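The next block holds one structure in the form of structure tokens; read it before the comments.
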Amino acid sequence: MTAAARHGTTWLGLDPAHPFGIHTLPYGSFTTQDAPARRVGVAIGDQVLDLTAAAGALLPGDAALFAAGTLDPLLAAGPDTWARVRAAVTDWLGDERHRTAVEPLLRPAGSVDLHLPFTVADYVDFYASEHHATALGRMFRPDGDPLTPNWKHLPIGYHGRAGTVVPSGTPVVRPTGQRRTPEGNVVLAASARLDIEAEVGFVVGTPSTPGRPVPLADAGRHLFGVCLVNDWSARDIQAWEYVPLGPFLGKSFATSVSPWVVPLAALGHARTAPPPRDPRPLPYLDDTADPAAEPWGLDLTLRVTLNGHPVSAPPFAAMYWTAAQQLAHLTVNGASLRTGDLLASGTVSGPGPGERGSLIELTANGGSPLTLPDGSTRGFLEDGDEVVITADAPGPGGTRIGLGEVRGRIAPAVSSPS
Ligand SMILES: O=C(O)/C=C/C(=O)CC(=O)CC(=O)O
Ligand SMILES: [Ca+2]
Ligand SMILES: [Mg+2]
């Protein structure tokens, strides 16, 4: 890497404060009006490098990885390839001598359409924020302990619906489902308590062997990168259906993800110690006991806006369970990982009132609605509402690593049989 690239500047003349600077280099899948075939892109500043085209000339040994136009082959190729490709892209964009070859392969970010970046294999949604779990426990189980007895012994999760993971910008149709009215009648109706869940998604690259648990220290061999997730949740459908087997239709209608996957390699400066955990979990989850597995959380600051109005800034550093622990737990029974598995962290909520990652927390279950600048109030989402979640993290030399955004607007329910 050149000295200029190390300092966050390149021949592109980028503002070193740009969230998609030379130290971020996230991967996505794009098309343009004139070229409908999918291509792999790397975001740099307000431009997108066409990696499918660039690899043919600049990385010929790896060109096949980008031919399909999704990240799937790159994810499957494993950590040595991830490092080689990232080093090459950093060199092209950072070193003036590549300018003539690379400049024609840059597209203005505003001129590309972004798609689901990888094929979602299995989707798991965890529940790793102690603040979120405590707040929901108080609301739903006021007579018992807010945390269930298992909560500090294992990262709770459920298997979700991979086929309804949609890219940022896809309209979210208000779900219809069964619920129980306050009078006790069971009805089929459009959800009246549609919520968001601001989460971070971990994307699995390298698969694992069936029957072989993935130890904490091996997480970095399997996890490729992160994206942002909005796990839309219909609280009324959820409340009626989810005992005893967990969330089903209340969360399976749509889960939105950001189009850019930021490799874990870009988040080295964001690694941070997780909060103290007590009691110590069993050895396969005890990252303080394993000398090969330094415990790492990530210092990501999420920001949630509703119709352009900031409503929350959830801190990911406060999460109790780490991605490595979630991976170790997910595979401890011998279940294997597939390329493209998406592990959502669970709703990210911090301790402060402005740090909650769901409306059910921000509005006390709808009882204390938010007031928006236009004077309207929201307990839960209305048709036409648009939610945007962004995030960034510390990078080298005072730079910021951006995660981009996940955006979604609520469309009215489709009428359905009763
Ligand atoms: O505690 C409950 O009864 C319900 C919890 C959730 O709905 C949260 C969830 O789906 C997992 C998460 O995103 O944290
Ligand atoms: Ca969730
Ligand atoms: Mg969902």
Side-chain angles (χ1 to χ4, degrees), residues 120 122-152 154-162 164-166 172 175 177 179-180 191 193-202 226-258 297 300 302 304 312 314-316 318-323 325-326 329-330 341-351 355-366 380-381 387 389 406 408:
V120 181
D122 290 300
Y123 166 51
V124 177
D125 184 23
F126 285 97
Y127 190 37
S129 161
E130 184 175 0
H131 306 289
H132 174 72
T134 303
L136 266 66
R138 285 208 180 103
M139 268 182 251
F140 290 135
R141 296 173 286 280
D143 300 329
D145 286 335
L147 292 182
T148 50
N150 55 358
W151 202 91
K152 291 200 167 178
L154 57 86
I156 295 178
Y158 65 92
H159 289 288
R161 191 162 183 85
T164 55
V165 176
V166 295
V172 175
R179 60 186 156 100
R180 191 162 56 176
S191 172
R193 299 166 77 80
L194 184 54
D195 200 355
I196 61 161
E197 289 189 334
E199 307 195 25
V200 174
F202 287 80
V226 302
C227 60
L228 292 168
V229 176
N230 189 343
D231 181 27
W232 307 95
S233 298
R235 300 298 179 192
D236 38 12
I237 299 173
Q238 179 186 355
W240 171 232
E241 74 179 1
Y242 85 135
V243 177
L245 288 190
F248 190 40
L249 303 184
K251 286 167 177 279
S252 68
F253 52 94
T255 302
S256 301
V257 294
S258 57
L300 313 175
L302 279 61
V304 183
S312 177
F316 192 72
M319 299 298 269
Y320 191 90
W321 295 104
T322 69
Q325 289 172 315
Q326 292 171 334
H329 186 62
L330 187 63
D341 283 356
L342 175 65
L343 277 53
S345 60
T347 309
V348 183
S349 289
E355 298 183 334
R356 306 303 164 94
S358 64
L359 290 175
I360 193 170
E361 293 166 271
L362 289 164
T363 69
N365 204 6
F380 291 94
L381 297 170
V387 175
I389 305 169
V406 58

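Keep in mind the model is a prediction, meaning the values are calculated, not measured. Atoms within each ligand, like the ligands themselves, are counted from 1 in listed order.
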May I ask you to identify, for [X], whether its side chain, its backbone, both or neither come under 4.0 Å of ligand 1 on a heavy-atom basis?
| X | answer |
| --- | --- |
| Phe140 | side chain |
| Arg235 | side chain |
| Leu136 | side chain |

So, [X] side chain and [Y] main chain: donor-acceptor pair closer than 3.5 Å or not?
| X | Y | result |
| --- | --- | --- |
| Thr164 | Ser252 | yes |
| Trp240 | Gly177 | no |
| Asn230 | Ser256 | no |
| Glu241 | Gly250 | yes |
| Arg356 | Pro314 | no |
| Asp341 | Asp122 | yes |
| Ser258 | Leu228 | yes |

Cationic N near anionic O, under 4.0 Å, Arg138 to Glu361:
no
Once rounded to the nearest 0.5 Å, what's the spacing between atom NZ of Lys251 and atom CD of Glu197?
3.0 Å
Do Ser233 and Asp195 pair up side chain to side chain, a donor and an acceptor below 3.5 Å, judged on atom types alone?
no
Do other residues, nucleotides or ligands put more than 12 heavy atoms under 6.0 Å from the CZ atom of Phe248?
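No, because the 6.0 Å sphere around CZ of Phe248 holds 12 heavy atoms or fewer from other groups.
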Name the closest protein heavy atom to [atom], giving the residue it belongs to and the distance to 0.1 Å.
| atom | answer |
| --- | --- |
| atom 1 (O) of ligand 1 | Tyr127 OH, 2.4 Å |
| atom 11 (C) of ligand 1 | Phe126 O, 3.2 Å |
| atom 9 (C) of ligand 1 | Lys251 NZ, 3.6 Å |
| atom 3 (O) of ligand 1 | Tyr242 OH, 2.6 Å |
| atom 7 (O) of ligand 1 | Gln238 NE2, 2.6 Å |

Per-atom contacts of ligand 1 with [X], taking only distances under 4.0 Å to non-hydrogen atoms:
| X | answer |
| --- | --- |
| Glu199 | 13 (O) |
| Thr347 | 12 (C), 13 (O), 14 (O) |
| Arg141 | 1 (O), 2 (C), 3 (O) |
| Asp125 | 10 (O), 11 (C), 13 (O) |
| His132 | 8 (C), 14 (O) |

What protein N/O/S atoms are there under 3.0 Å from the Ca ion (ligand 2), waters excluded?
Asp125 OD1, Asp125 OD2, Glu197 OE1, Glu199 OE2, Asp231 OD2
Do Glu130 and Lys152 make a side-chain contact, defined as non-hydrogen atoms from C-beta onward lying under 4.5 Å apart?
yes
